[in-house]
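Indexing begins at 1, ligand by ligand and atom by atom, following the structure's order. We use all heavy atoms of the structure for the numbers below, so side chains are in, but hydrogens, waters and symmetry mates are not.
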Amino acid sequence: SNMVSRYKKEFLELEKIGVGEFGSVYKCIKRLDGCVYAVKRSKRPLAGSSDEQMALREVYAHAVLGHHPHVVRYYSAWAEDDHMIIQNEHCNGGSLQDALLENAKTGHYFQEAELKEILLQVSMGLKYIHSSGLAHMDIKPSNIFICHKLVTDGSAQEESDSEDDGFSSNVAYKIGDLGHVTSITNPQVEEGDSRFLANEILQEQYCYLPKADIFALALTMALAAGSGPLPCNDAMWHHIRRGNLPPIPQQLTHGFHGLLKLMVHPDPVARPSATALTKHPILRPSLGK
Ligand SMILES: Cn1cc(CCO)c2c3c(c(-c4ccccc4Cl)cc21)C(=O)NC3=O
């Protein structure tokens with residue numbers, strides 16, 4: 001590889017915003033365009049290893065998934081100095097997991113109206129991913145990123161809350177981390193986080209992969225509503241897989257709670273699709289009339 005790495009040449013590193021066994025994520029400014037990006041730098045996986053398969057699936061997924069308001073945007077990926085580098089859109093509001101931890105400290109959880117906004121926006125992102133023939137397979141709070149619309153210069157343009165934009169408020173929720181994405185029709189499932197794993201995936205029944213994302217999204221919403229940490233495996237894990245939501249420490253309307261409960265139904269066929277959620281009267285009051 002040439003002496004000066006493309007990463008160092010093209011980007012100014014501002015701060016490390018994430019670290020894990022996967023590698024590290026940096027908030028960077030691209031020198032050429034002056035824009036901020038999230039850049040993940042990970043050790044290049046062993047050729048032929050399952051890690052390499054995952055790294056490739058992540059880049060393939062981003063390449064297949066063009067642009068969508070509720071999927072974190074991909075810009076580039078390359079290999080250098082025995083590292084894999086992926087350059088994505090930087091979401092300036094942290095992850096939903098960060099927001100949940102903050103809520104737990106203050107005891108102020110997302111209220112039902114906000115929960116419906118999160119569920120609607122993430123469902124729009126899932127509808128796009130599923131309609132592209134892919135399943136995410138690792139939906140959870142730390143993989144949902146938050147973008148706060150930067151206040152405009154006071155220009156009086158109308159706030160557009162058209163569906164494709166989803167910015168009815170000033171916050172956008174975007175699905176990120178496509179490291180577990182797999183084809184719906186030709187699945188090579190790399191199980192995601194067991195706390196969010198639907199039982200049929202554990203049983204290696206891969207005929208309804210999109211519904212595993214719906215299951216994981218329901219548990220993500222339960223956490224956003226203030227439910228305690230989810231079990232990885234044990235009696236409570238199985239209680240949830242029998243179609244029960246974890247306890248939620250706030251009064252939700254019967255309709256909304258019932259929708260979340262339907263999303264964790266033991267039979268994946270009974271769970272609503274992402275498309276059905278984006279049209280659901282409970283989430284789209286205006287459609288309800
Ligand atoms: C830990 N972490 C924190 C952030 C910033 C949230 O305000 C973040 C981002 C991403 C990612 C990311 C996830 C998976 C793969 C590649 C990337 Cl860049 C990780 C991120 C990403 O793709 N876009 C991000 O903003």
Side-chain angles (χ1 to χ4, degrees), residues 5-8 10-30 33-45 50-80 83-103 110 118 121-122 125-126 128-129 134-150 166-167 170-182 190-193 196 213 216 220 223-224:
S5 90
R6 170 177 165 185
Y7 175 66
K8 293 207 176 356
E10 286 195 14
F11 295 93
L12 173 65
E13 217 172 73
L14 294 179
E15 58 178 299
K16 184 182 278 194
I17 51 179
V19 66
E21 77 286 344
F22 58 81
S24 295
V25 180
Y26 298 90
K27 178 180 176 183
C28 298
I29 291 187
K30 183 177 163 84
D33 64 19
C35 293
V36 176
Y37 295 95
V39 182
K40 181 178 82 171
R41 197 165 175 278
S42 43
K43 203 85 180 83
R44 187 163 186 169
S50 77
D51 283 356
E52 185 189 50
Q53 293 304 316
M54 276 180 68
L56 289 173
R57 277 203 300 274
E58 176 175 12
V59 177
Y60 296 158
H62 272 300
V64 163
L65 292 174
H67 305 160
H68 188 274
H70 300 296
V71 178
V72 170
R73 190 163 159 190
Y74 161 84
Y75 287 86
S76 180
W78 67 95
E80 66 177 37
H83 281 80
M84 281 277 292
I85 296 174
I86 183 167
Q87 174 200 347
N88 285 348
E89 167 188 6
H90 176 257
C91 302
N92 60 13
S95 70
L96 187 57
Q97 175 65 11
D98 298 332
L100 298 189
L101 293 175
E102 197 50 39
N103 292 348
F110 287 110
I118 298 169
Q121 292 193 25
V122 177
L126 276 184
Y128 179 69
I129 293 171
L134 300 173
H136 184 279
M137 304 308 287
D138 200 20
I139 292 292
K140 58 180 178 177
S142 58
N143 286 340
I144 293 173
F145 296 106
I146 301 173
C147 288
H148 294 294
K149 199 167 212 175
L150 303 176
F167 267 80
N170 282 330
V171 186
Y173 299 92
K174 304 192 181 209
I175 298 169
D177 194 342
L178 306 187
H180 288 261
V181 165
T182 190
E190 193 70 37
E191 279 175 17
D193 190 321
F196 301 85
D213 286 340
T220 295
L223 285 171

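- By the criterion of a heavy-atom distance under 4.0 Å, the backbone of Glu89, and not its side chain, is placed next to ligand 1.
- Shortest contact from atom 6 (C) of ligand 1 to any protein heavy atom: Cys91 O, 3.3 Å.
- Looking at ligand 1, you won't find any N or O of Ser95 less than 3.5 Å from one of its N or O atoms.
- Distances below 4.0 Å separate heavy atoms of His90 from the following atoms of ligand 1: 25 (O).
- The aromatic rings of Tyr74 and His62 lie parallel to each other, with less than 30° between the two planes, well short of the 60° mark.
- The atoms of ligand 1 that sit less than 4.0 Å from any heavy atom of Asn88 are 16 (C), 17 (C), 18 (Cl), 22 (O).
- Without hydrogens or angle criteria, Asp98 side chain to Ser95 main chain gives a donor-acceptor distance under 3.5 Å.
- At a heavy-atom distance under 4.0 Å, only side-chain atoms of Val25, from C-beta outward, approach ligand 1.
- Between the side chain of Asn92 and the backbone N or O of His148 there is at least one donor-acceptor pair closer than 3.5 Å.
- In this structure, Gly94 has a heavy atom closer than 4.0 Å to ligand 1.
- Glu89 pairs in a salt bridge (Lys or Arg N to Asp or Glu O under 4.0 Å) with only one of the listed residues (Lys174, Lys27, Lys30, Arg73), which is Lys174.
- For ligand 1, the atoms lying closer than 4.0 Å to a non-hydrogen atom of Asp177 are 14 (C).
- In this structure, Glu58 has a heavy atom closer than 4.0 Å to ligand 1.
- Taking the six-membered ring where the residue is Trp, Tyr7 and Tyr26 present tilted rings, their angle falling between 30° and 60°.
- Put simply, the side chain of Arg41 never gets that close to the backbone of Ser24: no donor and acceptor are under 3.5 Å apart.
- Of all non-hydrogen atoms in Asp138 and Asp193, the two that sit nearest each other are OD1-N, 3.1 Å.
- At the shortest separation from atom 8 (C) of ligand 1 among protein heavy atoms lies Phe145 CE2, 3.6 Å.
- Nearest protein neighbour of atom 1 (C) of ligand 1, counting heavy atoms only, is Ile17 O, 3.5 Å.
- When only interatomic distances are considered, the shortest N/O to N/O separation between Ala38 and ligand 1 does not fall below 3.5 Å.
- Here the side chain of Gln121 pairs a donor or acceptor atom with the backbone of Val171 at under 3.5 angstrom.
- Checked against a 6.0 Å centroid threshold, the rings of Tyr173 and Phe145 do not count as neighbours.
- In Val72, the part holding a heavy atom less than 4.0 Å from any atom of ligand 1 is the side chain.
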